[in-house]
Amino acid sequence: MARILDLKIGTGSSLGVWKIEEEAEALKTKLQWSAEDIKRFQSHNDGERSKHWLYSRVLLREMLNTSGFIELDADEYGKPFLVNLPQKLSISHSGDMVAILLSNMECGMDIQIMKPDIEKVAHKFISEKEWKYVKESTRFEQLYLFWCCKEALYKFYGKKNLAFKENLGLEHFEWSSEGSVTGWIMKDDYLKTMDVHWQTIGNYLLAWVVGSAPAL
């Protein structure tokens with residue numbers, strides 16, 4: 001496996017990004033399979049989805065550096081969690097990249113391959129105020145930055161039912177290949193402001209957030 005990025009984010013948090021190169025069959029023996037794991041893997045009848053599922057589990061094992069059984073499940077909202085280990089995590093994949101964020105705090109992370117068709121859907125997740133931050137010279141990159149950063153915030157929140165234009169926001173930022181921006185989540189009585197970090201990896205964009213979460 002080709003590890004593209006390996007970051008230590010403060011104390012107790014790490015982020016890894018790998019490029020998918022091996023065939024799926026070569027990786028299956030690296031896992032300890034439960035009956036539920038087999039069922040979930042077989043439910044992904046699409047080749048790419050199956051490979052993403054498999055890679056994320058293998059890479060999770062590498063990051064946790066354990067030979068023991070790893071029980072990974074999802075809560076009622078679909079947010080993944082480790083049943084038998086204390087760490088929080090976020091998983092994302094796009095194209096031939098898989099990314100995993102592990103932390104001792106709540107976290108959220110997203111990776112996206114940047115394609116021109118972002119223009120078709122940008123109006124769904126960028127507010128009228130946020131459009132004022134977008135410069136024509138960096139329009140393409142900024143649109144993806146809005147998407148990835150808001151996805152990271154969405155995964156941090158973990159309860160779904162968030163409108164990307166109304167409940168998630170970014171303050172003013174200038175585009176660069178890596179950096180951070182102040183983001184916020186606002187839903188009913190829930191309010192959280194935090195730094196969202198990003199980094200480009202070739203034609204991919206990666207965004208993540210780590211922090212404590214107020215009670216809902």
Side-chain angles (χ1 to χ4, degrees), residues 4-5 7 9 15 17-20 46 48-49 51-53 56 74 77-80 89-101 106-188 190-211 213:
I4 305 300
L5 187 68
L7 293 177
I9 307 167
L15 195 159
V17 179
W18 291 265
K19 184 176 182 181
I20 297 174
D46 174 80
E48 185 176 59
R49 291 183 64 199
K51 188 171 285 191
H52 284 157
W53 187 96
S56 66
Y77 300 101
K79 185 173 183 177
L89 81 162
S90 187
I91 301 171
S92 184
H93 38 73
S94 180
D96 61 359
M97 296 287 191
V98 173
I100 296 175
L101 174 58
E106 292 294 340
C107 57
M109 177 268 302
D110 188 56
I111 189 168
Q112 292 288 335
I113 186 171
M114 295 188 285
K115 299 178 180 180
D117 56 6
I118 189 71
E119 287 278 357
K120 300 176 182 178
V121 294
H123 66 280
K124 296 182 179 181
F125 59 86
I126 301 178
S127 70
E128 183 176 343
K129 176 185 175 182
E130 290 169 332
W131 274 112
K132 297 176 182 178
Y133 311 157
V134 179
K135 296 181 178 179
E136 283 305 312
S137 59
T138 55
R139 180 184 179 91
F140 174 68
E141 293 85 356
Q142 284 185 280
L143 297 188
Y144 261 103
L145 188 57
F146 273 112
W147 176 251
C148 281
C149 288
K150 289 192 176 187
E151 274 286 340
L153 289 167
Y154 182 86
K155 291 181 178 180
F156 174 90
Y157 179 75
K159 304 296 181 182
K160 296 190 175 181
N161 296 318
L162 290 178
F164 274 47
K165 288 175 69 171
E166 290 81 19
N167 301 129
L168 300 171
L170 301 182
E171 298 303 320
H172 184 271
F173 65 89
E174 297 290 337
W175 168 256
S176 61
S177 60
E178 60 181 276
S180 64
V181 59
T182 300
W184 51 263
I185 307 167
M186 185 166 53
K187 173 72 172 178
D188 300 326
Y190 181 102
L191 176 62
K192 181 73 174 178
T193 301
M194 56 204 314
D195 290 334
V196 189
H197 303 269
W198 79 81
Q199 182 169 333
T200 56
I201 307 171
N203 62 332
Y204 287 79
L205 183 61
L206 174 72
W208 69 90
V209 60
V210 175

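The chain is numbered in sequence order, starting from 1.
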Check Ala207 against Ala152 and note the closest heavy-atom contact, atom names and distance. O-CB, 3.9 Å
To the nearest 0.5 Å, what is the distance between CG on Leu168 and CZ on Phe125? 11.5 Å
Aromatic ring proximity, centroids under 6.0 angstrom, Tyr154 and Phe164: yes
Minimal heavy-atom distance between Ser90 and Met109, with the atoms involved, is OG-N, 3.1 Å
On a heavy-atom basis, the closest approach of Ile113 and Ser94 is N-OG, 3.0 Å
What distance do Asp110 atom CG and Trp147 atom CH2 have between them, rounded to the nearest 0.5 Å? 7.5 Å
Run the side-chain contact (heavy atoms from CB on, under 4.5 Å) check on Gln112 and Ile118 step by step: do they pass? CA-CA 11 Å; Gln112 292 288 335; Ile118 189 71; over 6 Å; no
Could you tell me which non-hydrogen atom of Leu162 sits nearest to which non-hydrogen atom of Lys187, and how far apart they are? CD2-CB, 3.7 Å
Could you tell me whether the side chain of Asp195 and the main chain of Thr182 form a donor-acceptor pair under 3.5 Å? no
Value rounded to 0.5 Å, distance of CD1 in Ile185 from OG1 in Thr193: 9.0 Å
If you take all heavy atoms of Lys165 and Lys124, which pair is closest and at what distance? CG-O, 3.2 Å
Just how far is it from atom CH2 of Trp18 to atom CE of Met97, taken to the nearest 0.5 Å? 12.0 Å
side-chain contact (heavy atoms from CB on, under 4.5 Å) between Phe146 and Val134: does it pass, once the steps are laid out? CA-CA 10 Å; Phe146 273 112; Val134 179; 3.9 Å; yes
Residue pairs passing the side chain to side chain donor-acceptor pair (under 3.5 Å) test where at least one lies in residues 125-135, sequence neighbours excluded: Ser127-Glu130, Glu130-Lys150, Lys135-Glu174
Under the side-chain contact (heavy atoms from CB on, under 4.5 Å) rule, collect the residues that match up with Asp188, sequence neighbours excluded. none
Looking at His52 and Gly95, would you say the former's side chain and the latter's main chain have a donor-acceptor pair under 3.5 Å? yes
Atom CG of Leu89 and atom SG of Cys107: how far apart are they, to the nearest 0.5 Å? 6.5 Å
Considering all heavy atoms of both residues, which atom of Ser56 and which atom of Ile100 are nearest to each other, and what is their separation? O-CD1, 3.2 Å
Not counting sequence neighbours, which residues clear salt bridge (Lys or Arg N to Asp or Glu O under 4.0 Å) with Glu119? List them please. Arg139
Side chain to side chain donor-acceptor pair (under 3.5 Å) contacts in which one or both residues fall within residues 200-209, not counting sequence neighbours: Asp96-Tyr204
Can you tell me if Ser92 uses its side chain to pair, donor with acceptor, with the backbone of Ala99 under 3.5 Å? no
Determine whether Leu206 and Leu15 satisfy the following criterion, side-chain contact (heavy atoms from CB on, under 4.5 Å), listing intermediate values before the conclusion. CA-CA 10 Å; Leu206 174 72; Leu15 195 159; 3.6 Å; yes
Rounded at 0.5 Å granularity, tell me how far NZ in Lys19 sits from CD1 in Ile201. 11.5 Å
Check side-chain hydrogen bond (donor to acceptor under 3.5 Å, both in side chains) between Ser180 and all other residues, then give those that pass, not counting sequence neighbours. none
For Met194, which residues count as a side-chain contact (heavy atoms from CB on, under 4.5 Å) partner, sequence neighbours excluded? Leu153, Phe156, Lys192, Val209
Measuring only between side-chain heavy atoms, which start at C-beta, is Leu145 closer than 4.5 Å to Val181? no
Would you check, one step at a time, whether the test side-chain contact (heavy atoms from CB on, under 4.5 Å) holds for Lys115 with Tyr144? CA-CA 9 Å; Lys115 299 178 180 180; Tyr144 261 103; 3.8 Å; yes
Using 30° and 60° as the class limits, which term best fits the ring planes of Trp198 and Trp175: parallel, tilted or perpendicular? parallel
